[in-house]
There are 2 protein chains.
Amino acid sequence: MADRLTPAGTRILAAASTLFYEQGIRTVGVDAIAAAAEVTKKTLYDRFGSKDRLIAAYLEHRNRVWHEFLDEQLVLRAPQTAEDVVLALFGALTDWLAGSRNGCGFINASVELAAPDHPAMPVIVGQKQWMRSEFEAQARLAGMADPGELADRLLLLHEGALVSYRVAAMTNATEVAARAAADLLAGWPRLDG
Amino acid sequence: MADRLTPAGTRILAAASTLFYEQGIRTVGVDAIAAAAEVTKKTLYDRFGSKDRLIAAYLEHRNRVWHEFLDEQLVLRAPQTAEDVVLALFGALTDWLAGSRNGCGFINASVELAAPDHPAMPVIVGQKQWMRSEFEAQARLAGMADPGELADRLLLLHEGALVSYRVAAMTNATEVAARAAADLLAGWPRLDG
DNA sequence: GACAGTATACCGACCGGTGTGGTTACTTTC
DNA sequence: GAAAGTAACCACACCGGTCGGTATACTGTC
């Protein structure tokens, strides 16, 4: 988990993160990453072993950054109820995507890697399932009926926004998702009548 | 549009379609396609000019197949109202995805190609916007208020299902989307009270 | 003396794409 | 109805470039 990185290792991971996200994993070669990090390819392979493992490290790093961003946003938005927490998550998505243009790095990676046994796949699926479990936990806290179904639907809106933003050129996708989520929560049956 | 294909051309397009969808566009080389179509690489280039143009032809072909599938499904499901047409579209999605495992070929292509000026990009964006316009048209027919907003939300559910099915390993994604769409339509305000 | 790093050269495999030359089969023209 | 033309195809060899990854040798530092 908390494997300490050498200075050069940190630079490599930072360079890989921006390049992989901005230009795509397959497009970016290891030479380009090494050059951007001002490091020799030897050092890159000493630190990360292979491109595949560097990809996995990139996604783990991106996942950490995403979580930190969410924590920060939740402090900022200070939601009072569990429903508000969910809506804050959708609100945070708009800010996260602002000026990104390439959508979700995890979805992109999943498509680009394709192979189900790729070392980075667990990170990708894990990220999505964490989002779902967060929705479900908040739904349960809010006393919603069938929190599993509600979480599924919220995840659909979440992922739909990410992909429509990128693929369908729907610039307001996250706002639409936020409105849909708000209506969904408002109309959802609760356990205590 | 209706450029007639030679026998070999047809075989090439068929081979490219399955290989591109099943293994990814970047992964599959032109040699593999030529071999699968039992054709020389020369013939492939005589027919399609470049890999990029073959990719565009693949997506146009896939779009045609998708439309034919939808027409067929709409006849089969024989929806009576405009709402039922929308629900039939979501129902068709389940059948379309059954045994596919790789999700939406257009989303995948959009991620794999990345370059916004790629000749295949208009086909991708066009496919998504066609879906949205279809939702909007049916919403308008059904006398729904704000059909644009409704279409946006339906598209989000649609795309969310496609991507969650593949990326989040959510096997029942299309059924969830169908239920969500049904509830959304049922609760949506209409123009005539 | 172990570790992190630089510099550079190299590897085999594969990639998209081209060029040459030859074969079949159908159609046009005198 | 034979010759000429043409479109579709095959076989095969070849190109420059890029890819992920390795090897070797040397430097600085705790």
Side-chain angles (χ1 to χ4, degrees), chain A residues 2-59 108-109 111-115 117-121, chain B residues 2-59 108-109 111-115 117-121:
Chain A
D3 28 33
R4 204 70 49 79
L5 278 181
T6 63
T10 312
R11 253 153 47 221
I12 293 167
L13 187 54
S17 294
T18 48
L19 286 174
F20 279 156
Y21 178 74
E22 227 106 276
Q23 307 184 26
I25 293 175
R26 306 291 281 246
T27 309
V28 175
V30 285
D31 297 87
I33 297 168
E38 290 181 310
V39 149
T40 349
K41 212 156 45 148
K42 174 76 160 56
T43 305
L44 189 151
Y45 275 91
D46 282 349
R47 291 298 127 247
F48 294 95
S50 69
K51 185 185 181 181
D52 282 336
R53 289 214 265 143
L54 177 56
I55 293 169
Y58 147 61
L59 289 170
N108 297 350
V111 171
E112 285 202 86
L113 303 180
D117 58 338
H118 193 283
M121 273 307 174
Chain B
D3 29 32
R4 203 71 47 80
L5 277 181
T6 63
T10 311
R11 253 154 46 220
I12 293 168
L13 187 54
S17 294
T18 48
L19 287 175
F20 279 156
Y21 177 73
E22 226 104 275
Q23 307 184 26
I25 292 175
R26 307 291 281 247
T27 309
V28 174
V30 285
D31 297 87
I33 296 168
E38 290 183 310
V39 148
T40 22
K41 211 161 41 152
K42 181 70 163 56
T43 304
L44 188 152
Y45 274 91
D46 283 348
R47 293 297 127 249
F48 294 95
S50 71
K51 185 184 181 181
D52 282 336
R53 289 213 265 141
L54 178 57
I55 294 169
Y58 148 62
L59 289 171
N108 298 350
V111 172
E112 286 202 86
L113 303 180
D117 58 339
H118 193 283
M121 272 308 173

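Each chain gets a letter, A, B and so on, in the order its sequence line appears, and its residues count up from 1.
Between the CG atom of L5(A) and the C1' atom of dA4(C) there is a distance of 13 Å, given to the nearest Å. The nearest whole Å value for the distance from the CG atom in L113(B) to the P atom in dG16(C) is 13 Å. Separating the NZ atom of K41(B) from the C1' atom of dC15(D) is a distance of 10 Å, rounded to the nearest angstrom. Counting to the nearest Å, the C1' atom of dC14(C) and the CD atom of Q23(B) are 15 Å from each other. What separates CG of D31(A) from P of dC11(C) is a distance of 16 Å, to the nearest Å. Rounded to whole angstrom, the span from the OH atom of Y45(A) across to the C1' atom of dC11(C) amounts to 13 Å. Here dA4(C) presents its C1' atom at 17 Å from CD of E38(A), a figure rounded to the nearest Å. One can place CG of D46(A) at 15 Å from C1' of dG20(D), the figure rounded to the nearest angstrom.
Of the candidate nucleotides dG5(C), dG16(C), dG20(D), dG5(C) has the atom nearest to the side chain of T43(A). For V30(B), counting side-chain heavy atoms from C-beta on, the closest listed nucleotide (dC9(D), dG20(D), dG16(C)) is dG16(C). Closest to the side chain of R47(A), from the set dG21(D), dG16(C), dA4(C), is dA4(C).
Summarising the geometry of K51(B) relative to V28(B), their closest heavy-atom pair is NZ-O, 2.9 Å, with the distance given to 0.1 Å. Across A120(A) and A56(A), no two heavy atoms sit closer than the pair CB-CA, 3.9 Å. Across L44(A) and I12(A), no two heavy atoms sit closer than the pair CA-CD1, 3.7 Å.
Scanning for side chain to side chain donor-acceptor pair (under 3.5 Å) contacts around T43(A) gives an empty result, with sequence neighbours left out.
Applying the 3.5 Å distance criterion, the base of dG17(C) shares no donor-acceptor pair with the side chain of K51(B).
At the phosphate of dC3(C), neither OP1 nor OP2 sits under 4.0 Å from any side-chain N or O atom of T6(A). Between dC12(D) and T40(B), no contact under 4.0 Å exists linking OP1 or OP2 to a side-chain N or O. Within the 4.0 Å cut-off from OP1 or OP2 of dC10(D), not a single side-chain nitrogen or oxygen of K42(B) is found. Within the structure, a side-chain polar atom (N or O) of R11(B) is placed less than 4.0 Å from OP1 or OP2 of dC10(D).
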Check against side chain to side chain contact (heavy atoms under 4.5 Å, CB included), F48(B) and L13(B):
CA-CA 9 Å; F48(B) 294 95; L13(B) 187 54; 4.3 Å; yes

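Helix-axis bend for the helix from dG1(C)-dC30(D) to dC30(C)-dG1(D): the local axis fitted to the five terminal pairs at one end deviates from that at the other end by 10°, rounded to 10°.
In this structure, E112(B) contributes its side chain and R26(B) its backbone to a donor-acceptor pair below 3.5 Å. Counting only distance, with no hydrogens or angles, the side chain of R11(A) and the backbone of E38(A) share a donor-acceptor pair below 3.5 Å.
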